[in-house]
Enquirer: 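Shown below is the structure under consideration.
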Amino acid sequence: MAIPVLLMARSLGEGGSERQLVQTATGLAGGRFQPHVVSVAGGFSEEVLRRAGIPVWRLPLRSLTGWSAIQSARRLRHYIRRHSIRLVHPFDYALTLFGVFATQLRPGVITLASQRCFFDVVPAKYRALLRLALRVADGVVVNSRALRQYISEVHAVPPERIHVCHNGVDTERFRPGPRRRLPELRGAGLVVGTVAVLRPEKNLGLLLRAFAGLLGERPDLRLLIAGGGPEREPLERQSAQLGIAGRVLFHPPVADVAPLLRSIDIFVHPSLSEGFPNAVMEAMASGCCVVATDAGGCPELVTHERTGLLFANNDLGELTNQLRRAMGDEGLRRALGEAAAQHIREHFSLERMVRRMEEIYENYLPGPTAGSGSLR
C-alpha cells in the first residue's frame with residue numbers, strides 16, 4: 001500500500017521550487033508513495049496535479065505569525081491525521097518555516113525541510129527562525145552541493161542530515177529543435193534571452209547593461225526577458241534610460257516556456273545568488289548556448305567551455321566578453337548547445353530526480369528499504 005506524503009509550497013505558479021514540487025509529486029504518483037499537495041495561493045499547475053489524481057488542498061495561511069498561523073497549523077495537523085500522512089516536505093522557505101513547527105505536535109510524522117536558496121534572498125526577519133527550522137526538522141533537502149556545504153558550515157546543520165537532490169527537467173518537453181522566433185522577434189538576427197521571476201537577486205539590470213554595450217557591434221541583436229515580478233517596471237525604465245527599449249521584448253509569464261526558449265540563441269543567467277537554477281537546466285535541455293554566473297550551484301550544472309560559458313558573479317566586463325564570444329562564433333554556440341542538451345539528458349532528467357527523492361523518503365520511513373537517516 002502506498003505511503004501518504006504531503007508536499008507543500010506557497011503557490012503552484014511559475015517559480016522554480018513550485019515546478020519542482022509539481023514534477024516530484026507527479027513522478028511519485030502511482031509508486032511507493034501517494035503524494036498530497038498543499039499550497040497557499042494555488043496556480044496554473046494545480047490542474048496538472050488534479051489530472052494526475054493528486055489531491056490538492058488550499059491552506060488558508062495569510063501570515064507566518066499570529067492567529068492565521070495558529071488556525072492554519074490546526075487545520076494542517078487535522079489534514080495530516082485524516083489522511084494518515086507519514087512524511088511532510090515543504091519545498092520553499094516560507095512553508096518550511098510554517099510546516100516544520102506546525103507538525104512538531106504530530107508524533108510519528110517525519111518532517112523534511114527544504115533549502116533551495118542561500119539566506120541572502122530570505123527576508124532578514126525570517127533568517128533566525130529559518131535557521132532553527134533547519135535544525136529542528138528531521139532532515140533537510142537541498143538542490144546543490146554548494147547549498148549542502150553552506151547549510152552545514154554556516155548554519156551548523158549536521159552534514160549527515162542534509163541530502164542533495166538535484167533538480168530535474170522534463171527532457172521530452174525541453175529538447176533541442178529548430179529555432180522558432182516569436183512573432184515579435186522574427187526580424188532578429190540573433191536573440192539573447194532569459195526566463196525568470198523578475199526579482200532583485202536575478203540581477204537582470206546587469207544583462208541590460210551588457211546588451212546595451214553590444215548593440216553597436218550587432219544591430220540585429222534582440223533581447224527577450226520573460227517572466228513577471230516586482231522588477232518588471234524598474235527593468236523597463238532602465239531599458240528606456242539605456243536607449244534600448246525598442247530592442248528589448250518583455251514577455252509575461254506563461255505556463256509553458258518551451259516555445260520561448262526556442263526563440264533564444266544565447267540564454268543568460270546573471271543571478272547574484274543561486275541554488276540550482278531550473279531555468280538554466282531548461283535552456284540547456286533545449287539546446288541553447290548558456291552564459292551563466294558562477295554563483296552557488298551553477299558550476300555544478302554548467303562546465304565552462306564544455307556545456308556553456310561561466311562568468312564571475314556580477315562582473316559586467318566578463319559577462320560582456322562571454323556574450324561577445326558566443327555572439328561571434330556560431331560553431332561555438334552550436335557545440336555548447338548540443339553538449340548541454342546531452343548533459344541534461346544523462347544527468348538531470350526528471351526520472352533521476354524522482355528516484356533520488358524516493359531514496360531520501362525511503363530512508364526516513366519504515367519499510368524493507370528504509371535506512372538510518374544518514375543517506376546523502
Side-chain angles (χ1 to χ4, degrees), residues 12-28 43-45 47-49 51-52 91 116 143-144 165-182 185 191-197 202 224-228 249 251-271 274-293 297-298 300-303 306-310 326 333-357:
L12 299 172
E14 61 173 321
S17 295
E18 293 86 345
R19 293 203 302 278
Q20 288 300 310
L21 179 150
V22 171
Q23 291 166 346
T24 301
T26 53
L28 291 172
F44 47 68
S45 293
E47 185 56 33
V48 174
L49 293 166
R51 286 200 303 267
F91 268 63
R116 294 173 172 270
N143 58 2
S144 68
C165 180
H166 283 126
N167 297 345
V169 65
D170 184 346
T171 54
E172 291 299 315
R173 180 178 167 199
F174 296 97
R175 57 184 178 180
R179 301 291 96 184
R180 293 175 183 163
R181 304 288 193 221
L182 295 173
L185 296 170
V191 175
V192 174
T194 195
V195 179
V197 180
K202 297 303 180 182
L224 169 63
I225 296 179
L249 171 62
H251 196 286
V254 293
D256 183 9
V257 301
L260 302 182
L261 293 172
R262 284 192 287 272
S263 276
I264 295 172
D265 300 294
I266 305 170
F267 186 95
V268 182
H269 189 74
S271 187
E274 193 59 71
F276 199 78
N278 289 285
V280 173
M281 284 197 309
E282 292 166 354
M284 292 173 70
S286 300
C288 296
C289 172
V290 168
V291 178
T293 175
C298 288
E300 296 173 39
L301 184 58
V302 179
T303 301
R306 288 181 57 193
T307 59
L309 299 173
L310 293 172
R333 293 198 304 270
R334 185 183 304 110
L336 292 176
E338 290 173 356
Q342 181 177 351
H343 184 60
I344 295 297
R345 285 194 303 270
E346 292 177 354
H347 300 286
F348 299 103
S349 67
L350 281 185
E351 294 79 8
R352 193 182 183 101
M353 181 266 290
V354 171
R355 285 198 305 271
R356 173 58 179 156
M357 198 68 81

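These numbers were taken from a predicted model, which means no experiment stands behind them.
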Enquirer: When you check the side-chain N and O atoms of Arg116 and Asn167, is any donor under 3.5 Å from an acceptor?
Expert: yes
Enquirer: For the residue pair Ala52 and Thr26, what are the closest heavy atoms and their distance?
Expert: CB-CG2, 4.1 Å
Enquirer: List for me each residue that meets side chain to side chain donor-acceptor pair (under 3.5 Å) alongside Ser144, sequence neighbours excluded, and say none if there are none.
Expert: none
Enquirer: In chain order, what residues pass the salt bridge (Lys or Arg N to Asp or Glu O under 4.0 Å) check against Arg181, with sequence neighbours excluded?
Expert: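 Scan of Arg181 (salt bridge (Lys or Arg N to Asp or Glu O under 4.0 Å), adjacent residues dropped) gives Asp265.
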Enquirer: Could you list the residues that satisfy ring-ring contact (aromatic ring centres under 6.0 Å, His included) with Phe174, not counting sequence neighbours?
Expert: none
Enquirer: State, with a plain yes or no, whether a side-chain heavy atom of Thr307 is found less than 4.5 Å away from one of Val290.
Expert: no
Enquirer: Which residues pass the side chain to side chain contact (heavy atoms under 4.5 Å, CB included) test with Ile225, not counting sequence neighbours?
Expert: Thr194, Leu198, Leu204, Leu208, Leu223, Val248, Phe250
Enquirer: Who passes side chain to side chain contact (heavy atoms under 4.5 Å, CB included) against Ala341, sequence neighbours left out?
Expert: Pro176, Arg345
Enquirer: Quick one: side chain to side chain donor-acceptor pair (under 3.5 Å) partners of Arg179, sequence neighbours excluded?
Expert: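 Expected list: none.
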Enquirer: Would you check if Arg356 and Arg352 make a side-chain contact, meaning some heavy-atom pair closer than 4.5 Å?
Expert: no
Enquirer: Yes or no on side chain to side chain contact (heavy atoms under 4.5 Å, CB included) for Val302 and Met284, after CA distance, side-chain angles and deciding distance?
Expert: CA-CA 9 Å; Val302 179; Met284 292 173 70; 3.9 Å; yes
Enquirer: What residues form a ring-ring contact (aromatic ring centres under 6.0 Å, His included) with His343, not counting sequence neighbours?
Expert: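 Partners of His343 by the ring-ring contact (aromatic ring centres under 6.0 Å, His included) criterion, ordered by chain and then number, come out as His347, Phe348.
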Enquirer: Tell me, please, which residues at least two apart from Gln20 pass side chain to side chain donor-acceptor pair (under 3.5 Å).
Expert: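 Gln20 satisfies side chain to side chain donor-acceptor pair (under 3.5 Å) with Gln23, Asn278 only.
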Enquirer: CZ of Phe276 to CG of Asn143: how many Å apart, nearest 0.5 Å?
Expert: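 Here the rounded value is 7.0 Å.
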Enquirer: With Glu351, which residues qualify under side chain to side chain contact (heavy atoms under 4.5 Å, CB included), at least two apart?
Expert: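 If we apply the side chain to side chain contact (heavy atoms under 4.5 Å, CB included) test to Glu351, skipping adjacent residues, the hits are Ser349, Arg355.
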Enquirer: A side-chain contact here means heavy atoms from C-beta on lying under 4.5 Å apart; do Thr171 and Leu350 qualify?
Expert: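 The answer is no; the side chains never approach within 4.5 Å.
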Enquirer: For the residue pair Glu282 and Phe267, establish whether any side-chain heavy-atom pair is separated by less than 4.5 Å.
Expert: no
Enquirer: Looking at every non-hydrogen atom in both residues, tell me the closest pair between Ala279 and Arg19 and how far apart they are.
Expert: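 Closest approach of Ala279 to Arg19, heavy atoms only: N-NH2, 4.2 Å.
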Enquirer: Search all heavy atoms of Val22 against all heavy atoms of Ser45 and return the closest pair with its distance.
Expert: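 Minimum heavy-atom separation between Val22 and Ser45: CG2-CB, 3.6 Å.
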Enquirer: Which pairs would a plain distance check flag for residues 252-264, meaning a side-chain donor or acceptor within less than 3.5 Å of a matching protein atom at least two apart in sequence or in another chain?
Expert:
from	atom 1	to	atom 2	distance (Å)
Asp256	OD1	Arg173	NE	3.3
Asp256	OD1	Arg173	NH2	3.3
Asp256	OD1	Ala258	N	3.1
Ser263	OG	Arg180	O	3.0
Ser263	OG	Leu182	N	2.7

Enquirer: Can you list everything that forms a side chain to side chain contact (heavy atoms under 4.5 Å, CB included) with Arg306? Sequence neighbours excluded, please.
Expert: Thr303
Enquirer: Measure across Ile266 and Ala326 and return the closest heavy-atom pair with its distance rounded to 0.1 Å.
Expert: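 Answer, listing the atom of Ile266 first, then Ala326: CD1-CB, 3.7 Å.
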Enquirer: Report the residues that fulfil side chain to side chain donor-acceptor pair (under 3.5 Å) with Glu172, sequence neighbours left out, ordered by chain and then residue number.
Expert: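 If we apply the side chain to side chain donor-acceptor pair (under 3.5 Å) test to Glu172, skipping adjacent residues, there are no hits.
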Enquirer: What are the two closest heavy atoms between His269 and Cys298, and how far apart are they?
Expert: CD2-SG, 4.1 Å
Enquirer: Starting at CZ of Arg333, measure out to CG of Leu309 and round the result to the nearest 0.5 Å.
Expert: 11.5 Å
